[in-house]
Amino acid sequence: MQTRVYLDWNATAPLLDEVREAMVECLQNQWGNASSIHMEGQTARSIVERARRAVAKAIGAPAQSVILTGGATESNNQIIRDFVRRFGKGVACSAIEHPSVTEVVEDLDHAGVYTATILVDSLGRLDWEQVRNICEDEEIGLVSVMLANNEIGNVFDISRLVEIAHDHDTLVHTDATQALGRIPIDFGALGVDLMSLSFHKMGGPKGIGAIVVREGLKVEATMSGGHQERGRRPGTENVPAAAGLRVACELVAQNLGDWTHAMEANRQMALDKLSKIEGFEVRGDQESRLPNTINFAISGMDGEDLLLALDLGGLALSSGSACTAGSLEPSHVVLAMGFEQAAAKESVRLSFGPTTSREDIERACDIIAETVDRLSRI
Amino acid sequence: MAAEPNEFEKDVKDRVVVAMSGGVDSSVAAAMLAEQGYDTVGISMRLYATPQEDYSKSCCSPDDLFDARMVADRLGMPFYVANYQEEFRKRVIDYFVDEYRVGRTPNPCVACNNHLKFDILLDRSLALGSKYLATGHFAIIDHSGDYPVLRKGKDDSKDQTYFLFGLPREALPRIIFPLGEMTKAEVRERARGMNLETAEKAESQEICFVAGGDYKNFVAERLEQEGTVPGKIVMEDGKVLGQHDGIHSFTIGQRKGLGISHNEPLYVKSIRPSDGTVVVGPKTSLAVRGLVAERCNWLSWERPPGVFECGVKIRYRSQPVEALVTVGADPSMAMVEFKEPVRAVTPGQAAVFYRGDEVLGGGWIEESRS
């Protein structure tokens with residue numbers, strides 16, 4: 001059997017070798033509790049603190065601004081809920097945020113909090129006039145827009161958002177999960193107030209994430225029961241994940257330029273090959289986008305049919321989001337771009353990473369072409 | 001032992017898509033095919049969201065799907081959940097409610113087989129590179145003749161051919177029923193022998209999408225928006241015995257819950273959707289001489305002979321009765337004349353035609369003929 005090709009990095013990525021080695025080393029030898037005062041604890045503590053510094057360095061933020069959490073979903077929840085609880089103002093987000101933002105905002109809306117949604121056009125671009133109106137709205141105190149979208153790969157002009165928002169004393173939160181390891185992130189230059197991160201989309205460990213908060217602002221814990229992370233996130237620190245995280249972030253800092261370049265070349269090659277397929281159309285903003293993501297449709301072909309057939313053919317892609325039982329729902333992102341249900345169900349996402357080889361991409365394109373050809377003949 | 005059609009034995013590389021419900025039957029069907037060396041792919045159809053999971057609109061997760069997934073994993077099969085909620089709602093649930101609304105008694109299992117399993121799932125199996133679709137039905141496809149023939153399963157008490165009359169004839173060569181030659185007890189034994197997680201699972205309830213099984217309540221709730229067809233309850237001679245809130249609450253042959261008192265037991269004899277009249281009579285009055293079946297599907301012939309004798313089964317839990325069937329210029333319609341009068345012929349149910357254990361075809365009962 002030929003080896004499979006995995007092009008679903010925006011869901012999760014294979015662990016980078018160096019990350020895995022660091023984690024195994026930690027699981028074997030540094031299993032102490034980072035909050036203990038003895039030597040075992042001290043060893044674990046330094047792993048966590050080194051991880052914090054590595055995150056800070058990778059995104060250009062001071063180390064003390066980084067709070068480690070259990071993942072970006074937790075970070076998004078904590079940032080938005082804590083803001084509403086302490087500031088008592090409304091929140092807004094774009095229609096194509098990750099569900100860990102949109103559903104939090106929906107929950108708050110149901111609970112009577114003032115909320116607003118920024119709509120997008122057919123390419124998934126923000127409606128800037130609406131952005132301005134929402135920022136001017138005195139009841140809105142926080143706007144949340146992701147740095148890069150997980151499904152269509154759009155990269156948003158967060159600096160522009162910050163400029164508008166800060167003119168009206170509105171805070172800005174950005175979920176930068178999909179940007180890390182793909183494009184440069186400069187927390188300071190972006191000027192955002194709050195950022196969420198996770199690390200497993202680029203080869204780091206799962207089960208760990210971060211909140212980054214600018215100087216002068218704070219995020220409080222939404223759970224009780226411990227003083228970890230300076231009281232911001234109770235619970236025993238995930239030391240092995242922190243060990244892996246540190247290495248992942250160091251690799252980002254060292255290699256990002258090369259990675260971006262290699263992914264960009266692979267993306268262009270994939271597009272050249274795929275656009276030869278009849279009915280192929282690419283979705284999302286091709287002007288401002290990640291170097292690793294292609295959201296495409298084969299006109300008239302059900303995405304679920306295509307995905308399942310590709311999977312059996314040895315290629316892992318994805319579409320929309322799977323429910324608990326594993327059946328597919330059309331992507332809320334593609335629906336928000338104005339596509340009808342049937343057209344939204346055609347969307348398929350291909351996403352890869354820095355260790356994806358040129359050969360993998362070529363083979364994936366061949367499998368897609370063959371499968372589409374077979375399906376269109378049924 | 002399992003049915004091992006010669007055609008499939010020849011080429012074990014062929015891929016087979018197995019419809020897995022998460023029950024013991026389809027688990028064993030999948031396991032047997034995997035054991036025989038087929039390249040098996042499991043598919044569960046997600047058909048409806050159960051009410052207790054409404055808390056999240058995108059989430060479903062009936063435990064059955066997890067059971068199917070675990071069995072597939074144990075067998076080393078790829079496994080997918082296909083989302084057919086939209087089609088199921090239209091083709092099965094809406095149909096189910098609509099039939100009750102107009103005073104007919106629907107058969108959702110037949111509708112599901114016709115429109116979901118042996119239509120879109122059969123198409124999906126092609127998309128997955130498989131000519132074949134296997135299910136855990138107790139039925140046999142006999143490949144010994146020139147063209148495959150559908151026969152009753154060996155376990156007479158579990159035979160499911162009544163629900164399968166609508167299989168497209170041209171699809172017969174592509175369908176595999178691995179359990180046809182087994183009894184239910186043997187299936188359970190196999191499941192235990194193979195340590196399948198589903199070995200001790202209870203039989204599924206009759207109407208899968210009605211939680212708790214109270215279908216009358218389910219229909220009544222759905223009809224709150226659409227409106228019901230109320231009317232009179234009358235004797236055959238026209239004597240009015242009472243009023244009712246809607247014909248959806250009645251089925252042919254029903255005795256309980258009529259809400260009328262009379263000196264002898266009364267049964268629903270017929271239902272007239274045009275004015276909502278429910279006609280009742282004593283048990284003896286239920287017997288009819290024949291029926292008209294529409295939307296017929298023929299399995300043993302491209303086109304049936306004009307007149308033929310056969311056994312006709314008019315509900316799942318009854319034996320076929322002898323009858324003469326006449327098919328005119330339009331092969332989708334059949335006139336059935338019973339040798340002996342038959343009680344409680346129910347519009348909306350299936351009339352399935354048998355010769356011995358061969359399933360000739362079947363249709364939907366449109367009306368009875370006295």
Side-chain angles (χ1 to χ4, degrees), chain A residues 1 4 73 98-100 102-104 106-107 109-110 151 298 300-335 340-342 344-348 367-368 370-378, chain B residues 13-18 20-22 39-50 52-70 72-73 76-90 120-131 174:
Chain A
M1 192 183 145
R4 293 175 55 78
T73 290
H98 187 270
S100 60
T102 56
E103 291 186 14
V104 172
E106 264 172 54
D107 282 356
D109 185 79
H110 291 158
E151 295 191 30
I298 307 295
M301 186 168 289
D302 182 68
E304 195 173 74
D305 271 345
L306 182 56
L307 276 185
L308 270 49
L310 289 173
D311 190 38
L312 290 171
L315 172 61
L317 301 186
S318 77
S319 131
S321 56
C323 79
T324 310
S327 80
L328 291 174
E329 308 287 343
S331 156
H332 76 284
V333 174
V334 181
L335 288 173
E340 301 288 337
Q341 284 272 338
K345 282 183 177 174
E346 293 171 359
S347 261
V348 170
I367 295 174
I368 294 170
E370 283 161 24
T371 307
V372 168
D373 181 54
R374 183 164 58 77
L375 293 187
S376 54
R377 281 187 282 112
I378 288 173
Chain B
K13 282 175 300 182
D14 272 342
R15 180 173 287 164
V16 178
V17 166
V18 190
M20 297 177 73
S21 66
D39 174 9
T40 46
V41 175
I43 291 230
S44 280
M45 301 192 294
R46 185 176 163 224
L47 301 175
Y48 51 90
T50 48
Q52 61 267 36
E53 284 153 348
D54 279 353
Y55 60 82
S56 169
K57 63 180 184 302
S58 67
C59 262
C60 35
S61 69
D63 291 341
D64 288 339
L65 300 187
F66 289 114
D67 285 343
R69 189 179 287 280
M70 280 193 294
D73 180 63
M77 295 165 50
F79 173 83
Y80 307 102
V81 177
N83 191 352
Y84 295 145
Q85 287 183 94
E86 181 69 15
E87 292 88 346
F88 189 76
R89 187 184 56 70
K90 268 190 273 187
I120 56 176
L121 192 57
L122 200 61
D123 285 348
R124 170 64 56 94
S125 64
L126 278 182
L128 299 184
S130 159
K131 263 196 298 194
R174 297 177 45 206

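Keep in mind that this is a model prediction, so the values were computed, not measured. In the text below, chain A, chain B and the rest are named by the order of the sequence lines, each starting its count at 1.
- In terms of heavy-atom pairs under 4.5 angstrom with chain B, the leader among A:Leu306, A:Ile378, A:Thr371, A:Asp305 is A:Asp305.
- A salt bridge is defined here as a Lys NZ or Arg NE, NH1 or NH2 lying under 4.0 Å from an Asp or Glu carboxylate O, and A:Asp373 with A:Arg377 meets this definition.
- Side-chain contact between A:Leu308 and B:Val41 is absent, with no heavy-atom pair separated by less than 4.5 Å.
- The two atoms that bring B:Arg174 and B:Leu122 nearest to each other are NH2-O, 3.1 Å, heavy atoms only.
- Between the A:Arg4 side chain and the A:Asp311 main chain, a donor and an acceptor come within less than 3.5 Å of each other.
- Proximity to chain B (any heavy atom under 4.5 Å) is restricted, for A:Asp302, to the side chain, taken from C-beta onward.
- In this structure, chain B has a heavy atom under 4.5 Å from the side chain of A:Leu375, while its backbone stays farther away.
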